[in-house]
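Structure first, commentary second.
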Amino acid sequence: MAKSGLHHIRLHDLRHGVASILIEQGHPVTLVAATLGQTLSTTAKTYSHE
């Protein structure tokens with residue numbers, strides 16, 4: 001990764017990033033929760049930035 005100039009990133013960070021992007025783009029929280037394998041309430045609490 002250092003040779004290619006890429007920064008270290010954990011898979012968990014990628015998962016979080018994808019969920020945030022999906023919600024920001026207006027995808028239903030139910031879809032994001034199903035994609036992540038989470039309950040609706042967990043996803044809503046984690047990713048609602050109101």
Side-chain angles (χ1 to χ4, degrees):
M1 287 176 53
K3 288 181 183 180
S4 65
L6 297 174
H7 299 282
H8 175 75
I9 188 165
R10 301 173 305 159
L11 288 175
H12 178 80
D13 298 329
L14 290 173
R15 172 186 165 96
H16 185 76
V18 166
S20 296
I21 290 168
L22 289 173
I23 289 174
E24 183 178 289
Q25 289 180 342
H27 294 278
V29 177
T30 52
L31 172 73
V32 178
T35 301
L36 297 176
Q38 295 178 333
T39 64
L40 181 58
S41 75
T42 298
T43 303
K45 282 190 273 184
T46 303
Y47 299 103
S48 68
H49 302 286
E50 298 175 17

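In this text the structure is predicted, and so the values were computed from the model without any measurement.
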Common cluster, I21/I23, ILVMFWY with side-chain heavy-atom separation under 4.5 Å: no

Nearest heavy-atom approach of L36 to A19 is CD1-CB, 3.7 Å

From [X] atom [atom1] to [Y] atom [atom2], the distance as rounded to the nearest 0.5 Å:
X: T35; Y: R15; atom1: OG1; atom2: CZ; answer: 9.5 Å
X: L31; Y: L40; atom1: CG; atom2: CG; answer: 11.5 Å
X: L22; Y: Q25; atom1: CG; atom2: CD; answer: 6.5 Å

Among H16, Q38, E24, which residue satisfies the side-chain hydrogen bond (donor to acceptor under 3.5 Å, both in side chains) criterion with Y47? H16

If you count every heavy atom of other residues, nucleotides or ligands that lies below 6.0 Å from L11 atom CG, does the total exceed 12?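 Counting neighbours around CG of L11, 12 or fewer heavy atoms of other residues, nucleotides or ligands fall under 6.0 Å, so no.
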
